[in-house]
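Have a look at the structure below, then the notes.
Ligands are counted one by one from 1 in listed order, and the atoms in each one are counted from 1 as well. Heads up: numbering here begins at 1 and tracks the sequence. Heavy atoms only: backbone and side chains are in, while hydrogens, waters and symmetry mates are out.
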Amino acid sequence: NSEGRVLFDNVSNVESMENHSSRPEVFNALRYGYGEAVHQSKTLDEQTFYRAIKLNDGTVIRVSSTFNSVYKSVLEAVLYLFIILLPVIILIIIIANKLTKNIIEPLNNLNLEEPYSNNNVYDELSPLLHRMAKQNDKLKKQYIKLKEQEDEFKTIIENVREGIIVLNNRGYILSINRSAEEIFSLSRSGNTGKHILALNRSKILLKAAEEAMDGNSYEAILKKDNRKYNILSSPVYIENYIEGIILLLLDITEKEERDRIRREFSANVSHELKTPLTSIIGYSELMKNGMVKEEDVTKVSKRIYNESKHLISLIDDIIRLSKLDEKESELPLEEIDLYELANQVIYRLDVHAKEKNINVTISGESAVISGVKQILEEVIYNIIDNAIKYNNQDGSVNVNVRKTVNNIILSVEDTGIGIPAEDKQRIFERFYRVDKSHSKDTGGTGLGLSIVRHGAEFHNAKIELQSELDKGSKIKLLFQRK
Ligand code: ADP
């Protein structure tokens, strides 16, 4: 009505409604006959449009209409969108999953060792597999080559007689070969990674390593367990930096020993040659100066003659020995019957034997070996010659040749003066004589048994010596049967 009280509402209960006169659309209608207003709901999701007009009787009629707001419309649309999107997303996930699986699975199941065989894959992967197969092939070949090289290197290193040790630049062992392990009496494993000082505490070894670490090559002699080693160290450069050290150990024990023997031999030769020469010069000088009495001339010239003969024997023996030393093998190998050869030697020595009335006999059987006749003849000659020389008047010598399962044995047994036990080892040395003065009378040079030893070695024969002082000696040569 004109006061704003609500007389009728088609939706709400009129009783509970407040006075509407202050509502803008009602206010305007009452005053101007027409009013409009828009009301926003609290939740922003609705807008209500009002329009009111004043009727002729002074009452106001108002109509209203409610619309959803844009916000609400969008909100509602999103909800629908979401409802549509959800299954779409789920569908996409399922399809994507399936597709990914289809792509990944052949990749996961790829046999990378053999990209070409047993691989059920799509075409797009073929170039990759092709490449892979090629690469695999190349790698395999390179690996085999490297392995071969490594094996080759290892075999060489392991089997050389020289000791080889490779250290890093702090002195720790990177590699050590069998010979080096044997030199330092180490076990066959667990040596790499140890410091060089763990092998041996000798100053020389450490110095060799240190010098190489400083970039110098170094050489020294290392003595260990009665053996001598030539130790050589050198640095290993990789791109101008010293990354490691190589130590080489050469066993020079035998070489040194040979050098010593050679030096000793040369000294002995000079001495041995000088002795008879001095006598010869001495006696001939006496004669030249007319200081030898007429009646002594024969005696003195006999001495000169004997010394000269001794000198010649010496020179002969020395030449023979040095030939044997050089392992003179240009002399032909022949089938030689030792029994026959010994017989010939006995014949040659017959005059010597008769001088002392020594009975030389031969027993046994004929036995053929392959050897150098000249050397064997000298060997047998020297043994039988000694058996006569160092025998007593009316003594005897027996030469025996026989075969056993493995050997052909030539033995020479005499009833002579025998060899003192302490000399048995040494009589085979050059110039060694048991009784120098006595030997001189017998015309010995001290080289006879050296020739025997060398000749036996040349023929791979073993020498055995049995002797008892004042009873006699027996020398056996054991040749190997073919
Ligand atoms: P030598 O020329 O002096 O005979 P050898 O080398 O033949 O030199 O012999 C070395 C030494 O061994 C001899 O000087 C001798 O003292 C001793 N000897 C060798 N053979 C016999 C033997 N059958 N009986 C006794 N002593 C021997």
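Checked by atom type, the side-chain pair Tyr432/Asp423 shows a donor-acceptor distance below 3.5 Å. Judged purely by distance below 3.5 Å, without hydrogens or angles, the side chains of Glu211 and Asn216 pair a donor atom with an acceptor atom. Side-chain contact check for Asp394 and Asn357: at least one donor-acceptor pair (N or O, by modelled atom type) lies under 3.5 Å. For Thr415 and Asn392, the side-chain atoms include no donor-acceptor pair closer than 3.5 Å.
Here is the list of ligand 1 atoms found below 4.0 Å of a heavy atom in Gly446: 1 (P), 2 (O), 3 (O), 6 (O), 8 (O). The atoms of ligand 1 that sit less than 4.0 Å from any heavy atom of Thr445 are 1 (P), 2 (O), 3 (O). Each of the following atoms of ligand 1 lies closer than 4.0 Å to a heavy atom of Arg433: 3 (O), 14 (O). Interface of Tyr432 with ligand 1, defined as ligand atoms under 4.0 Å from a residue heavy atom, comprises 10 (C), 11 (C).
Checked against a 3.5 angstrom limit, the closest N/O atoms of Lys389 and ligand 1 fall inside it. Inclusion of Leu449 in the set of residues having an N or O under 3.5 Å from an N or O of ligand 1 is warranted. Backbone and side-chain nitrogen or oxygen atoms of Tyr390 are examined, and one is located within less than 3.5 angstrom of a nitrogen or oxygen of ligand 1. Checked against a 3.5 angstrom limit, the closest N/O atoms of Val434 and ligand 1 fall inside it.
In this structure, the side chain of His454 engages the main chain of Ser450 through a donor-acceptor pair within 3.5 Å. Of the possible donor and acceptor atoms, none in the side chain of Asn407 sits under 3.5 Å from a partner among the backbone N and O of Ile409.
Under a 4.0 Å heavy-atom criterion, Asp414 is in contact with ligand 1. Using a 4.0 Å heavy-atom cutoff, Gly416 is absent from the residues neighbouring ligand 1.
Here the rule is side-chain contact (heavy atoms from CB on, under 4.5 Å) with Leu146, and of Glu148, Glu150, Gln149 only Gln149 fits it.
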